[in-house]
2 protein chains.
Amino acid sequence: MILELQRATHATLQVLSARLADLDLTPSELNALGNLGRTASGDRPEEGAGRTVSELGAATGTRPTTLTGVLDRLERRGLITRAAHPGDRRAVLVTLTAEGAATAAVITRAIADLEREALADLPAGTVEAALTVLRALT
Amino acid sequence: MILELQRATHATLQVLSARLADLDLTPSELNALGNLGRTASGDRPEEGAGRTVSELGAATGTRPTTLTGVLDRLERRGLITRAAHPGDRRAVLVTLTAEGAATAAVITRAIADLEREALADLPAGTVEAALTVLRALT
DNA sequence: TATTGTTATACTCTATAACTATA
DNA sequence: TATAGTTATAGAGTATAACAATA
């Protein structure tokens with residue numbers, strides 16, 4: 001099971017980064033950007049303004065020390081901005097720029113497409129069962 | 001789905017490497033060693049003698065260029081040996097030493113334990129469904 | 001000519017620890 | 001005293017290209 005898990009993760013990441021090669025982003029950069037986009041446009045629009053570095057790190061499974069470098073590159077390319085957090089002046093609020101949001105949308109769609117293609121022919125309920133297992137492992 | 005996949009992979013790797021911290025091996029080294037052990041003792045005992053670098057790379061999802069460094073360290077620590085392949089003199093046969101086989105057994109058991117603990121309470125059939133999804137993604 | 005494994009280079013990710021500015 | 005983020009350092013993974021030995 002766990003070996004299959006690793007293989008599947010590796011395979012999907014491979015395909016995904018190949019399809020998004022035009023964006024010229026590393027896996028961690030894709031991960032960060034995709035995650036920022038998901039919150040900004042989806043689940044909780046009222047919080048779309050940004051996330052702290054800590055929140056982003058927890059969501060992406062990236063160490064703070066790695067995230068600093070990732071965010072440096074994304075900021076230099078104009079995809080995100082860093083600003084002070086209103087409530088806590090130690091914290092940094094990471095926000096997508098317009099270009100960053102557009103890039104994030106491309107990433108989100110590529111992920112959705114890949115899933116649809118791979119899982120289209122499976123019997124109903126199978127995907128739900130798989131999600132249950134994944135959450136149990138997590 | 002794919003996001004859950006990444007999270008689950010990350011979480012299991014985290015726990016696994018914490019439990020095996022005593023071995024002082026990197027994730028790639030654990031992966032290579034566990035894979036060598038699996039073939040040696042399990043599925044196809046008659047091939048237990050070794051695997052080529054290419055085969056190992058395909059099984060673990062590790063690049064040849066990374067594998068060279070991984071195998072260098074494992075060889076230096078006396079866990080594997082590299083020998084000439086009988087049939088093809090370009091190829092290298094990677095074999096577990098006695099100590100390497102013992103270490104591989106520890107890794108294999110840790111993985112099995114982790115799976116059992118995490119998936120014990122799930123309804124029958126759920127795990128099979130998850131495997132179907134993972135293979136579809138792969 | 002193509003393939004196996006290694007080497008070289010440059011960049012990214014990681015772990016650890018120290019540091020700053022806040023709280 | 002503790003937390004958020006950054007910096008510094010060293011080791012490990014990756015892609016890419018080149019190479020020697022062999023097929």
Side-chain angles (χ1 to χ4, degrees), chain A residues 6 9-11 13-33 35-36 50-77 80-95, chain B residues 6 9-11 13-18 20-33 35 50-77 80-95:
Chain A
Q6 313 260 14
T9 303
H10 191 262
L13 272 185
Q14 199 83 354
V15 174
L16 204 57
S17 78
R19 290 192 186 184
L20 296 173
D22 287 351
L23 298 181
D24 191 29
L25 295 167
T26 68
S28 278
E29 291 163 2
L30 287 175
N31 198 355
L33 223 44
N35 231 290
L36 284 169
R51 311 176 75 172
T52 66
V53 173
S54 301
E55 288 168 349
L56 192 55
T60 59
T62 310
R63 312 285 157 274
T65 172
T66 304
L67 215 41
T68 296
V70 171
L71 295 177
D72 282 349
R73 291 191 295 274
L74 293 177
E75 190 176 28
R76 205 179 312 131
R77 289 175 57 167
I80 63 150
T81 57
R82 282 193 261 213
H85 185 92
D88 184 341
R89 287 194 300 181
R90 296 172 303 180
V92 171
L93 216 49
V94 181
T95 322
Chain B
Q6 313 260 14
T9 302
H10 191 260
L13 270 185
Q14 198 84 354
V15 173
L16 204 57
S17 77
L20 296 174
D22 287 351
L23 298 181
D24 192 29
L25 294 167
T26 68
S28 279
E29 289 162 4
L30 288 175
N31 198 355
L33 223 43
N35 231 291
R51 311 176 74 171
T52 66
V53 173
S54 300
E55 289 169 349
L56 192 55
T60 59
T62 311
R63 312 283 159 273
T65 172
T66 304
L67 213 41
T68 296
V70 171
L71 295 177
D72 283 349
R73 291 191 294 275
L74 293 178
E75 190 176 28
R76 206 179 311 131
R77 289 176 57 167
I80 63 149
T81 57
R82 282 193 261 214
H85 185 91
D88 185 340
R89 286 193 301 181
R90 295 172 303 181
V92 170
L93 215 50
V94 180
T95 323

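Sequence lines set the chain letters: A, B, ... in the order given, protein chains first and strands last, and positions in each chain run from 1.
- A donor-acceptor contact under 3.5 angstrom links the side chains of B:T60 and B:T62, judged on distance only.
- For the pair A:V70 and A:G87, both in contact range of DNA chain C, the more 5′-proximal nearest nucleotide belongs to A:V70.
- Between the CG atom of A:L13 and the P atom of D:dG13 there is a distance of 17 Å, given to the nearest Å.
- Side chain of B:E55 to backbone of B:T52: a donor-acceptor contact under 3.5 angstrom is found.
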CA sep, side-chain torsions, deciding dist, call: B:E75, B:V94, side-chain contact (heavy atoms from CB on, under 4.5 Å): CA-CA 9 Å; B:E75 190 176 28; B:V94 180; over 6 Å; no
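- Residues A:A59 and A:N35 come closest through the heavy atom pair CB-OD1, 3.5 Å.
- Applying the 4.0 Å criterion to OP1 and OP2 of D:dA12, one finds that B:T26 has every side-chain N and O outside that range.
- Although no hydrogens or angles enter the test, the distance criterion places no donor-acceptor pair under 3.5 Å between the side chain of A:R82 and the main chain of A:I80.
- Distance CG (B:L25) to C1' (D:dA12): 13 Å, rounded to an integer number of Å.
- Following rounding to the nearest Å, A:E75 (CD) and D:dG5 (P) show an atom-to-atom distance of 14 Å.
- Checked by atom type and distance alone, the side chain of A:Q14 never pairs as donor or acceptor with a backbone atom of A:A11 at under 3.5 Å.
- In 5' to 3' order, the nucleotides of DNA chain C bounding all contacts with chain B (an atom under 4.0 Å from a heavy atom) are C:dT3 to C:dA8.
- Note: CG (A:L74) to P (D:dT6) measures 12 Å, nearest angstrom.
- To the nearest angstrom, C1' of D:dT9 lies 18 Å from CZ of A:R63.
- Projected onto DNA chain D by closest heavy-atom contact, B:T65 and B:R89 fall at different nucleotides, the more 5' of which corresponds to B:T65.
- Between the A:H10 side chain and the B:G61 main chain, a donor and an acceptor come within less than 3.5 Å of each other.
- For B:D88, the listed nucleotide lying nearest its side chain is D:dT22; candidates were D:dG13, D:dT22, D:dT7.
- What separates CZ of A:R51 from C1' of D:dG5 is a distance of 17 Å, to the nearest Å.
- What separates CG of B:L67 from C1' of D:dA12 is a distance of 14 Å, to the nearest Å.
- Considering only side-chain N and O atoms, B:T66 lies under 4.0 angstrom from the phosphate OP1 or OP2 of D:dT14.
- Place A:L71 and A:Q14 on DNA chain D by their nearest nucleotides, and A:L71 ends up nearer the 5' end.
- Closest-nucleotide positions on DNA chain C for B:V92 and A:R90 were compared, and the one nearer the 5' end corresponds to B:V92.
- When heavy atoms are screened at a 4.0 angstrom cut-off, A:T52 is found touching the sugar-phosphate backbone but no base atom.
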